[in-house]
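Everything below concerns the one structure shown next.
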Amino acid sequence: MNTINIAIANQSPEFDRNLIASLPSSGPRYTSYPTADRFHSGFDAQEYIHSLDMRQAGSPNQPLSLYIHIPFCNTICYYCGCNKIITKDTSRADAYIEYLEKELNLLAPHLNGRHPLIQLHFGGGTPTFLNDGQLERVFGMIRRHFDLLPDGEYSIEIDPRKVSRETVLHLGRLGFNRMSVGIQDFDPEVQKAVNRIQTVEETREVIEAAREAGFKSVSVDLIYGLPHQTPESIKPTIDTVLSLNPDRLALYHYAHLPHIFKPQRRIDTAAVPDSEAKLDILQYAVQTLTARGYVFIGMDHFAKPEDELCIALKEGRLQRNFQGYSTYADCDLIAIGVSSIGKIGNAYVQNERDIEAYYAAINAGRLPVMRGYRLNSDDLLRRDIIQDLMCRFALEFETYERAFGISFADYFREEWADLQHLAELGLLQLRADGLTVTPKGRFLIRNIAMVFDYHLRHKETTAQYSKTV
């Protein structure tokens with residue numbers, strides 16, 4: 001194992017309120033570089049096909065990842081900014097599944113037959129909006145086009161309010177082996193304010209059913225900064241979540257942007273905690289989780305020491321993709337469904353966001369590409385650097401000098417002054433041959449990564465980025 005990464009994995013993040021206040025308060029989450037707001041409509045279906053065909057000519061049998069977006073939800077959670085369709089009519093999913101199958105059929109000629117699959121993720125929306133028969137139909141479709149590898153990671157996002165123990169057991173039989181369980185907060189006042197009433201009992205039933213079904217990992221999602229949350233109100237939620245004994249835990253910051261996300265207009269802005277209270281909540285949660293043995297993976301993710309994410313961090317092979325931290329992100333990613341984003345080689349591709357436009361494209365016999373981006377050599381270099389910062393929290397400059405034929409100091413002359421400033425603030429240790437992120441800097445890793453973001457530095461964007469802390 002890499003001694004630097006072992007040492008980093010054993011560190012806990014350090015809070016410095018004055019430092020946090022002095023740095024840019026918002027920035028990309030870097031699930032990709034360049035970020036999705038840089039994608040453009042000049043990248044079309046033919047560009048996507050070209051990328052797929054280049055892959056088939058170069059490494060046709062390398063395992064793939066597959067992302068499937070299910071946009072439907074039974075009810076609306078007021079905080080949510082995801083691409084979703086609110087309906088109780090499950091028959092709408094039948095038509096949608098037909099189009100997923102048609103999209104896969106359009107992709108099939110460019111995938112070299114029944115392709116090995118190492119990673120699968122169902123996201124949404126609410127993937128468990130689908131009933132058992134619909135889920136079985138989608139999984140059958142997947143197996144017709146892909147060969148699920150025995151050591152693969154096959155995950156699904158779960159809303160415990162809509163899932164029975166029997167459905168979880170069914171998911172296990174289909175082939176899922178990981179799940180992400182939405183919780184957000186167990187406090188009744190907070191739940192009422194965001195229109196998500198969820199009991200501890202139904203949440204516990206789902207997690208226990210996942211253990212019974214043999215799921216390898218159960219992750220739970222919490223959000224801090226929701227209306228009526230306080231440093232005191234969050235404590236029972238944290239205690240309850242810990243009693244559920246999840247393998248992984250994500251602690252997301254709520255971005256209150258009612259001018260962008262219409263459902264958030266139903267939230268009382270006056271009830272949203274201020275920056276100091278949110279930082280109190282976050283600090284308590286992080287300190288409690290680390291005291292209880294969870295390892296800080298990065299940004300807002302925690303895992304048990306024996307979890308694959310933690311092992312990958314210690315071994316220096318942690319990755320990051322559109323679904324967050326992963327151990328399989330080097331794989332090319334095929335993404336199907338409305339608004340989904342994939343990655344093939346040096347290109348990103350995003351499907352139509354509007355479901356009618358998505359259907360119309362497929363009816364016309366073409367892949368439903370809305371926009372995308374082909375990376376140039378500078379993008380590829382910066383993508384590698386940002387990936388290493390987000391996942392390994394250290395850079396050895398010689399690595400990039402050899403791979404890209406550059407002098408690091410000369411190439412990043414403009415960035416060097418910013419790195420020196422961050423070093424003076426205590427976020428990183430800067431050397432002539434590399435840098436290492438400090439415990440204080442790991443908590444603000446997005447701010448460090450932003451130094452290397454050429455597009456953020458040189459090009460305007462209308463994107464509204466989330467808070468870095």
Side-chain angles (χ1 to χ4, degrees), residues 29-36 39 48-69 100 103-104 107-108 110-123 139 141-157 175-180 216-217 219 248 297-298 301 307-309 311-313 315-337 340-351 367 369 372-375 379-380 383-388 390-392 403:
R29 293 183 60 82
Y30 291 116
T31 53
S32 72
Y33 178 83
T35 48
F39 298 178
Y48 184 26
I49 289 171
H50 175 65
S51 298
L52 290 167
D53 291 346
M54 285 179 61
R55 181 187 192 277
Q56 186 162 323
S59 54
N61 296 313
Q62 286 295 313
L64 283 168
S65 294
L66 176 66
Y67 173 73
I68 300 178
H69 188 79
L100 291 178
E103 185 180 0
L104 272 182
L107 285 165
H110 311 285
L111 293 180
N112 194 38
R114 193 160 173 262
H115 208 93
L117 193 70
I118 193 67
Q119 187 180 43
L120 169 69
H121 187 83
F122 275 53
F139 228 87
M141 174 183 73
I142 293 167
R143 290 188 182 277
R144 282 194 296 275
H145 290 274
F146 299 97
D147 179 19
L148 277 66
L149 300 178
D151 58 343
E153 180 178 285
Y154 309 119
S155 64
I156 185 168
E157 297 171 9
F176 288 105
N177 57 23
R178 286 164 178 77
M179 72 165 55
S180 174
K216 293 180 180 179
S217 178
S219 175
R248 302 175 185 177
I297 299 297
H301 282 65
D307 187 85
E308 288 179 351
L309 278 186
I311 294 169
L313 173 63
E315 294 180 349
R317 55 180 180 81
L318 188 68
Q319 299 289 331
R320 188 162 174 79
N321 64 13
F322 291 107
Q323 282 73 62
Y325 283 106
S326 171
T327 58
Y328 295 106
D330 276 342
C331 298
D332 283 334
L333 170 66
I334 298 292
I336 64 171
S340 62
I341 303 177
K343 176 185 80 74
I344 301 294
N346 65 348
Y348 298 118
V349 58
Q350 183 173 21
N351 276 353
L367 290 168
V369 175
Y373 187 95
R374 188 171 299 283
L375 285 73
D379 293 325
L380 292 169
R383 180 172 75 176
D384 283 0
I385 288 172
I386 289 173
Q387 175 87 195
D388 286 340
M390 301 294 288
C391 298
R392 283 172 277 287

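Rounding to the nearest 0.5 angstrom, the gap separating the NE2 atom in His110 from the CG atom in Asp53 is 5.5 Å. The CG atom of Leu380 sits 10.0 Å away from atom OH of Tyr33, with the distance rounded to the nearest 0.5 Å. Here the CG-CD distance, from Leu148 to Glu153, works out to 12.5 Å after rounding to the nearest 0.5 Å. Rounding to the nearest 0.5 angstrom, the gap separating the CG atom in Leu64 from the CD1 atom in Ile118 is 10.5 Å. Here the CD1 atom belonging to Ile49 is positioned 12.0 Å from the CD atom belonging to Gln56, to the nearest 0.5 angstrom. Of the inter-residue distances, the one linking Ser155 atom OG with Met179 atom CE reads 10.5 Å to the nearest 0.5 angstrom.
Nearest heavy atom pair, residue Cys391 against residue Leu313, reads O-CD1, 3.5 Å. Nearest heavy-atom pair, Leu333 versus Ile344, reported as atom, atom and distance to 0.1 Å: O-CD1, 3.9 Å. Gly342 approaches Ala335 most closely through the heavy-atom pair N-CB, 3.6 Å. Here the shortest heavy-atom pairing between Ser65 and Leu117 reads C-CD1, 3.9 Å.
Residues Leu52 and Ile334 meet the side-chain proximity criterion, which asks for heavy atoms closer than 4.5 Å. Looking at Ile156 and Leu120, their side chains never come closer than 4.5 Å, going by heavy atoms from C-beta outward. A 4.5 Å side-chain heavy-atom check between Ser326 and Gln119 finds at least one atom pair inside the cut-off. Considering only heavy atoms from C-beta on, Glu308 comes within 4.5 Å of Arg248 through its side chain. Looking at Pro34 and Leu375, their side chains come closer than 4.5 Å, going by heavy atoms from C-beta outward. Side-chain atoms of Ile297 and Asp307, non-hydrogen and from C-beta on, never get closer than 4.5 Å to each other. A heavy-atom distance below 4.5 Å is found between the side chains of Arg29 and Arg320. A heavy-atom distance below 4.5 Å is not found between the side chains of Arg55 and Leu111.
His301 is linked by a ring-ring contact (aromatic ring centres under 6.0 Å, His included) to Tyr252, Tyr325, counting only residues two or more places apart in sequence or in another chain.
Side chain of Asp147 to main chain of Arg114: no donor-acceptor pair is present (N/O by atom type, distance under 3.5 Å, no hydrogens or angles). Between the side chain of Asp332 and the main chain of Gly345, a donor-acceptor pair closer than 3.5 Å is present. Glu103 places a side-chain N or O within donor-acceptor distance of the main-chain N or O of Gly337, the cut-off being under 3.5 Å. Side-chain atoms of Asn177 come within 3.5 Å of backbone atoms of Tyr154 as a donor-acceptor pair (strictly under, hydrogens ignored). Under a 3.5 Å cut-off, the side chain of His115 and the backbone N or O of Gln62 do form a donor-acceptor pair.
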Between Leu104 and Phe146, does a side-chain contact (heavy atoms from CB on, under 4.5 Å) hold up when you go through it step by step?
-> CA-CA 10 Å; Leu104 272 182; Phe146 299 97; 3.9 Å; yes
Criterion side-chain contact (heavy atoms from CB on, under 4.5 Å) on Leu367 and Val349, from CA distance to verdict = CA-CA 11 Å; Leu367 290 168; Val349 58; over 6 Å; no
Could you give me the CA-CA distance, side-chain angles and deciding distance for Arg383 and Asp379, then say whether salt bridge (Lys or Arg N to Asp or Glu O under 4.0 Å) is met?
-> CA-CA 6 Å; Arg383 180 172 75 176; Asp379 293 325; over 6 Å; no
Might you work through the side-chain contact (heavy atoms from CB on, under 4.5 Å) test for Ser51 and Arg374, ending with a clear yes or no?
-> CA-CA 9 Å; Ser51 298; Arg374 188 171 299 283; 2.8 Å; yes
Are Gln319 and Arg392 close enough, and set up right, to give a side-chain contact (heavy atoms from CB on, under 4.5 Å), and what steps lead you there?
-> CA-CA 9 Å; Gln319 299 289 331; Arg392 283 172 277 287; 4.0 Å; yes
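Between Phe39 and Tyr348, the ring-plane angle classifies as parallel under the 30° and 60° cut-offs.
Side-chain N/O atoms of His121 and Glu157 include a donor and acceptor closer than 3.5 Å. Between Asn321 and Tyr67, the side chains place no donor N or O within less than 3.5 Å of an acceptor N or O (distance only, hydrogens not considered).
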